[in-house]
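Notes follow the structure.
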Amino acid sequence: MSASATRFIRRVASAPNAKHLFSSGARSGVPTKNGLLAPAEVVSPAPVNGQRQSNGKASFRRTYSSNSIKVRSVEVGPSSFLKVKMLGKGDVGRVYLVREKKSDKLYAMKVLSKKEMIERKKIKRALTEQEILATSNHPFIVTLYHSFQSEEYLYFCMEYCMGGEFFRALQTRPGKCLSEDGSRFYAAEVVAALEYLHLNGFIYRDLKPENILLHQSGHIMLSDFDLAKQSGHPGGRPATIHQSEPNGIPIIDTMSCTADFRTNSFVGTEEYIAPEVIAAQGHTAAVDWWTLGILIYEMIFATTPFKGKERNDTFNNIRLLPVHFRDTPRISSACKDIVIRLLDKDERSRLGSRSGASEVKQHKWFAKISWGLLRHTRPPIVPAASNGADAMNFRHLKESNSLHLENQTGLRTRASPSTAGYDDGMDMSPGRDLFGAFNSVTIHYDGES
Ligand SMILES: Nc1ncnc2c1ncn2[C@@H]1O[C@H](COP(=O)(O)OP(=O)(O)OP(=O)(O)O)[C@@H](O)[C@H]1O
């Protein structure tokens, strides 16, 4: 990591290392779906492709219908791309800016080492991430174009989010925070993305500024789905429609899409973990509404509400302390109310736990938001104009000398310590093809060449 990069303290997901601190009980054995495409929901207009820019304006050509994505056998391989530079490092892999030789287009390529995944018991997470990316078609969720594998690596070829990390954008702002209005805008885009994920039966479980990327236009793109969990109903249970709201407008109940689904894994990022996860009583999609409360607080106050000196202090604060608001910046009573309602320690009464996103959207703090026009609203942070290849909205990362590149994008990594005691739920019997369930596909979106 470069000197400039060390200025930003990154919070990583605590799981699975934190698991042994608490008696978390049995992990959920809910299987992931490895079939192909689930129908895409029609949720919001105005899609975007990170590559398409003309006169600084994004063009919105993708459409949302169950027929708008077509999954085919994979049409590319590692040698179809040239590495431009490294954009980010994760636990078991690297993300590179790459250029497709044939089309000259830029993409973000996540390359995961199979060896590291086996050692760290993260295979199932990679399969889930592929599943979510390959079945999602939403303007605020990063787009997957190809996934494939070689003997040693898994590859995810994704839309390149030129605007960089939201986390970094926040860190470089005066006071490292946003105004209440700015925070509302990003919170609204996050709600739209969570709504879509819940509708499709996924719980995200790792919302934090580090996992939000920015499109060149400044709109958000949720990424990093390796902690997400799919309910036992591939594609999500059909949403229930309630007609009983006072204004008579029917509301879609996204909680019903993951209903009856509780998972026990101890996952999340320390300061964002919900009390029910710490209590290891099993958790539901309501954890995502808890993390939204923390995110709103952090965007406004530049810190999270329950942060303690040590991890256990943080966990105790999460379980026991009420939210405390500082005097500055001054925030509206509606803002305080939504944060308090989202950070309800009882998941059964938490905002969003009754009918999901529609309930959150109807809170008075969001009254100013035109949900259908979100994608057409100018975002509060517009990233510096980039030609793409300069990756100017990214930290400068030095590639370790210990990495040997092959085929421009493949990489070898040093052996790393295994994650003792964590069971990723995979059948590791000798001779079994552990990555056989990984789908090698190319995804075509209507309106894109
Ligand atoms: N689509 C993208 N466009 C631009 N940059 C990206 C993209 N995807 C990932 N990155 C960069 O790579 C970094 C690591 O990505 P990501 O968090 O998905 O990797 P990971 O291996 O899953 O990490 P973790 O160990 O945190 O789960 C991101 O923080 C971001 O800087």
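Each ligand, and each atom within it, is numbered from 1 in the order the structure gives. Every value quoted in this text rests on a predicted model; they were computed, and no experiment measured them.
Residue D226 has at least one heavy-atom neighbour below 4.0 Å for each of these atoms of ligand 1: 22 (O), 27 (O). Close contacts between ligand 1 and V142 involve ligand atoms 1 (N) [criterion: under 4.0 Å to a heavy atom]. Residue L213 has at least one heavy-atom neighbour below 4.0 Å for each of these atoms of ligand 1: 1 (N), 2 (C), 3 (N), 6 (C), 7 (C), 8 (N), 30 (C). The ligand atoms of ligand 1 that sit less than 4.0 angstrom from a heavy atom of L87 are 4 (C), 5 (N), 31 (O).
Within the 4.0 Å heavy-atom criterion, the part of E159 lying near ligand 1 is the backbone and not the side chain. By the criterion of a heavy-atom distance under 4.0 Å, both the backbone and the side chain of C161 are placed next to ligand 1. Under 4.0 Å from ligand 1, not a single heavy atom of M221 appears. At a heavy-atom distance under 4.0 Å, no atom of L227 approaches ligand 1. Residue contacts with ligand 1, taken as heavy atom pairs separated by less than 4.0 Å, involve V95 solely via side-chain atoms from C-beta onward.
Residues T442 and K70 have side chains not in contact (no heavy-atom distance under 4.5 Å, counting atoms from C-beta outward). Between Y272 and D206, every side-chain heavy-atom pair lies at or beyond the 4.5 Å cut-off.
Using modelled atom types and a 3.5 Å distance limit, the side chains of H138 and S136 yield no donor-acceptor pair. Side-chain contact annotation: T314 with E271, donor-acceptor N/O pair under 3.5 Å absent.
On a distance-only criterion, K110 and ligand 1 share at least one N/O pair closer than 3.5 Å. On a distance-only criterion, D224 and ligand 1 share at least one N/O pair closer than 3.5 Å.
Comparing R168, E165, E210 by heavy-atom distance to atom 29 (O) of ligand 1, the nearest is E165.
Using a 4.0 Å cut-off between a side-chain N of Lys or Arg and a carboxylate O of Asp or Glu, K307 and E270 do not qualify as a salt bridge.
In this structure, F394 counts as a contact residue of ligand 1, since one of its heavy atoms falls inside 4.0 Å of the ligand.
Side-chain N or O atoms of S103 include one that pairs as donor or acceptor with a backbone N or O of K105 at under 3.5 Å. Listed for the R99 side chain is no donor-acceptor partner under 3.5 Å among the backbone atoms of L82.
Paired with F140 under the rule side chain to side chain contact (heavy atoms under 4.5 Å, CB included), one option of L222, L194, I220 passes, and it is I220. For the side chain to side chain contact (heavy atoms under 4.5 Å, CB included) criterion with V441, the lone passing option out of H146, R72, Q130, E75 is Q130.
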